[in-house]
J.: 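Just dropping this structure here.
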There are 2 protein chains.
Amino acid sequence: MKTKRILLNSRPQGMPDESNFEFDEQEISGLEEGQLLLKSLYISVDPYMRGRMNDTRSYVPPYKVNEPITGGIVAEVVECRNKKYKKGDVVMGNLPWQTFILSDGNGLTSIDPDLAPLSYHLGILGMPGLTAYCGLLFIGEPKEGETVVVSGAAGAVGTVVGQIAKQKGCRVVGIAGTDEKVAYLKNELGFDEGINYKTTSNIKEALEKACPDGVDVYFDNVGGSFSDAVYTLLNKYARIVVCGQIALYNSTSRPTGPRVEPILLTKSCLMKGFIVSDYADRFGEAAKELVSWVKTGKLQYEESITDGFDNLPEAFLGLFKGENTGKQLVKVADRSIQV
Amino acid sequence: MKTKRILLNSRPQGMPDESNFEFDEQEISGLEEGQLLLKSLYISVDPYMRGRMNDTRSYVPPYKVNEPITGGIVAEVVECRNKKYKKGDVVMGNLPWQTFILSDGNGLTSIDPDLAPLSYHLGILGMPGLTAYCGLLFIGEPKEGETVVVSGAAGAVGTVVGQIAKQKGCRVVGIAGTDEKVAYLKNELGFDEGINYKTTSNIKEALEKACPDGVDVYFDNVGGSFSDAVYTLLNKYARIVVCGQIALYNSTSRPTGPRVEPILLTKSCLMKGFIVSDYADRFGEAAKELVSWVKTGKLQYEESITDGFDNLPEAFLGLFKGENTGKQLVKVADRSIQV
């Protein structure tokens with residue numbers, strides 16, 4: 001049988017485009033003992049992947065040119081010669097962008113298909129949800145009555161951050177790029193205020209109005225000049241959670257801006273970068289609480305699902321245009337085997 | 001009797017000069033019940049005072065124009081109508097730049113004159129020593145075998161930071177502005193390497209050579225472009241202690257530079273500003289350990305002592321020219337009463 005694949009065709013300079021991806025087909029031969037054949041159901045596209053397209057050392061190794069892009073995938077076991085799994089199982093892992101994948105079972109995690117929609121395991125119950133939970137609670141440490149500002153607030157991580165902060169009794173201000181997203185944050189997710197950074201002429205003034213008591217926690221998914229405006233409003237002992245810098249990912253040179261050190265110094269602030277795996281030893285408690293919040297409706301969750309394997313590059317590129325609300329996914333196939 | 005005073009004459013724009021200070025004399029009348037008359041012995045000049053000359057909110061309130069500069073002073077009680085003190089006592093406090101000071105006793109701390117030279121209470125046993133101790137150990141958390149870089153290494157704080165880091169088993173690299181200071185750090189204080197930032201043409205190359213295993217803790221007293229070079233060498237989970245930004249204190253506009261957030265993000269680094277009073281509840285343990293280290297010779301300590309009250313402005317201005325090695329003080333008078 002054949003699988004479609006998407007390879008890194010070339011490393012982008014600045015903003016990536018369709019030409020950086022290449023489609024091909026590959027023959028998959030029969031399974032050896034210990035192997036299983038996976039059919040991709042949902043494939044995740046995430047901003048951090050942009051960094052892996054560069055040939056620079058980072059927290060995850062770079063993709064190789066002429067090899068498949070890899071990322072979070074939920075897949076179904078459609079053939080199985082591995083004793084740990086059986087036909088019809090649903091699994092998750094860091095896997096290549098392919099319609100079918102031959103695996104030896106290493107690095108796969110079983111999913112309970114009755115827990116929640118399968119796609120949730122790439123979002124609120126997966127990497128983005130854990131990122132929001134660990135970054136906000138273990139670095140940001142929000143306290144009741146404090147003000148929490150979230151940039152990229154309508155994204156997969158930001159929507160969860162804001163809702164957890166609300167549960168902790170904070171005033172929550174979200175920043176997003178369309179009026180629809182701002183309305184969604186306020187009306188559906190319970191954010192106290194939202195700012196459309198694309199249409200607001202004076203961001204600093206808007207922030208001052210939205211944060212009359214200053215900013216205690218800034219959960220930053222975006223970076224750049226918006227962060228500079230937030231920094232001027234930081235309270236004494238504020239915490240800045242550096243989770244993403246999507247505004248800078250496509251920079252071709254090292255970006256410059258006002259120095260933050262004098263502010264951190266005079267306000268005794270903490271600024272901390274992280275990757276979710278830094279908190280791997282706390283995933284158990286985090287996942288348990290996230291599941292219970294989703295089940296009891298305390299945590300709303302939205303997905304942007306693009307249909308079809310062939311549209312993967314387009315869905316990925318859309319992340320940098322601010323097109324998605326909530327977690328962006330690509331649906332590749334339905335589950336074929338109901339056990 | 002009369003006291004000399006030094007007032008803030010005008011707020012400096014950029015680098016301060018003698019014209020920002022004004023000398024005058026004031027009559028001190030007799031003591032009321034509860035008051036005591038202090039004679040200044042040693043007056044501390046510190047970089048943070050530059051910030052107080054501006055009319056901006058910071059961690060300490062600004063000085064007022066036409067009022068005396070204030071700061072750390074060790075003084076002798078020469079007349080006393082306060083029951084808590086007696087003639088001949090030595091005290092320390094945040095006091096006005098005057099040769100004689102009328103006090104109601106509030107905010108004064110008694111000094112044991114047999115513990116160490118009196119001036120030490122403005123340095124290694126006072127604010128700079130506590131700053132070094134708390135910043136390095138409570139934020140930097142250096143571990144055996146790690147590399148610690150200190151900027152402003154020959155200053156009152158830097159000399160203590162480097163020596164504590166050596167005691168913790170770290171490789172210590174100090175940055176200073178003259179060859180004499182670099183030699184002092186290496187030969188007298190036991191630093192592993194020193195870099196003269198004024199004569200080294202390629203700072204990044206010099207740092208790479210001095211830190212073959214990267215940088216785990218960066219204790220920053222200086223800020224600016226030197227910090228940018230250090231940031232490129234940070235290891236995963238590195239800690240940046242933002243203690244001072246003397247290179248930026250005289251800036252008239254908000255300084256810019258390469259953004260640090262992408263580095264903090266990809267290396268999971270922590271950056272934290274502080275003021276020593278954030279750790280007031282731990283001063284007891286800190287002071288006890290500092291005293292024992294000084295007494296047993298584990299901590300070397302150097303002072304630059306300028307003689308004469310009239311030379312206070314000059315000694316203060318010298319801080320920004322990198323003139324001092326160790327703690328800069330002004331000696332105003334000898335103790336007159338031996339009890």
Side-chain angles (χ1 to χ4, degrees), chain A residues 47-48 51-52 54 56-60 134-135 139 151 214 218 220-228 231-232 234 236-249 251 253-279, chain B residues 47-48 51-52 54 56-60 134-135 139 151 218 220-228 230-232 234 236-249 251 253-279:
Chain A
Y48 82 89
R52 299 191 65 185
N54 295 335
T56 47
R57 257 195 329 170
S58 182
Y59 47 84
V60 276
C134 296
I139 300 174
S151 64
Y218 174 40
D220 183 20
N221 292 302
V222 174
S225 60
F226 179 76
S227 291
D228 301 329
Y231 296 160
T232 64
L234 292 174
K236 182 106 188 168
Y237 305 122
R239 288 82 68 197
I240 303 162
V241 186
V242 185
C243 177
Q245 297 278 287
I246 198 169
L248 308 180
Y249 287 170
S251 300
S253 59
R254 192 162 163 206
T256 60
R259 292 190 183 275
V260 69
E261 295 90 335
I263 294 174
L264 301 186
L265 177 60
T266 51
K267 299 285 181 65
S268 295
C269 296
L270 176 143
M271 182 181 247
K272 172 103 181 65
F274 78 111
I275 177 174
V276 65
S277 54
D278 294 343
Y279 299 96
Chain B
Y48 81 90
R52 300 191 64 185
N54 294 335
T56 46
R57 256 194 331 168
S58 181
Y59 47 84
V60 278
C134 296
I139 301 173
S151 64
Y218 174 40
D220 183 20
N221 293 302
V222 173
S225 60
F226 179 75
S227 292
D228 301 329
V230 178
Y231 296 159
T232 64
L234 293 174
K236 181 106 188 167
Y237 305 122
R239 289 81 68 197
I240 303 163
V241 186
V242 186
C243 178
Q245 296 278 287
I246 198 168
L248 308 179
Y249 287 170
S251 300
S253 60
R254 192 161 163 207
T256 60
R259 291 190 184 275
V260 68
E261 295 90 336
I263 294 175
L264 301 185
L265 177 59
T266 52
K267 299 285 181 64
S268 294
C269 296
L270 176 144
M271 183 181 246
K272 172 105 180 65
F274 77 111
I275 177 174
V276 65
S277 53
D278 294 342
Y279 299 96

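Below, chains carry the letters A, B, ... as their sequence lines are ordered, and counting in each starts from 1. These numbers come from the heavy atoms of this one structure, side chains and all, not from hydrogens, waters or symmetry mates. These numbers were taken from a predicted model, which means no experiment stands behind them.
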J.: Of all of Val242(B), Ile240(B), Thr256(B), which one pairs up most often with chain A through heavy atoms under 4.5 Å apart?
T.: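 Looking at each of Val242(B), Ile240(B), Thr256(B) in turn, Thr256(B) comes out on top.
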J.: Mind listing the closest non-hydrogen atom pair of Ser268(B) and Lys272(A) along with its distance?
T.: O-NZ, 2.9 Å
J.: How far does CD of Gln245(B) sit from CG of Leu264(A), to the nearest 0.5 angstrom?
T.: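 If I round to the nearest 0.5 Å, the distance is 8.5 Å.
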J.: What pairs with Asp228(A) under side-chain hydrogen bond (donor to acceptor under 3.5 Å, both in side chains), at least two apart in sequence or on another chain?
T.: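 Partners of Asp228(A) by the side-chain hydrogen bond (donor to acceptor under 3.5 Å, both in side chains) criterion, ordered by chain and then number, come out as Arg259(B).
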J.: Measure distances from Ile139(B) to the heavy atoms of chain A and classify the residue's part below 4.5 Å as side chain, backbone, both or neither.
T.: neither
J.: So which residue, Gly224(B), Gly244(B), Gly273(B), Gly223(B), ends up with the most heavy-atom pairs under 4.5 Å with chain A?
T.: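 Option with the greatest count: Gly273(B).
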J.: What's the shortest heavy-atom distance between Leu265(A) and Phe274(B), and which atoms?
T.: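 Nearest heavy atoms, Leu265(A) then Phe274(B): CD1-O, 3.6 Å.
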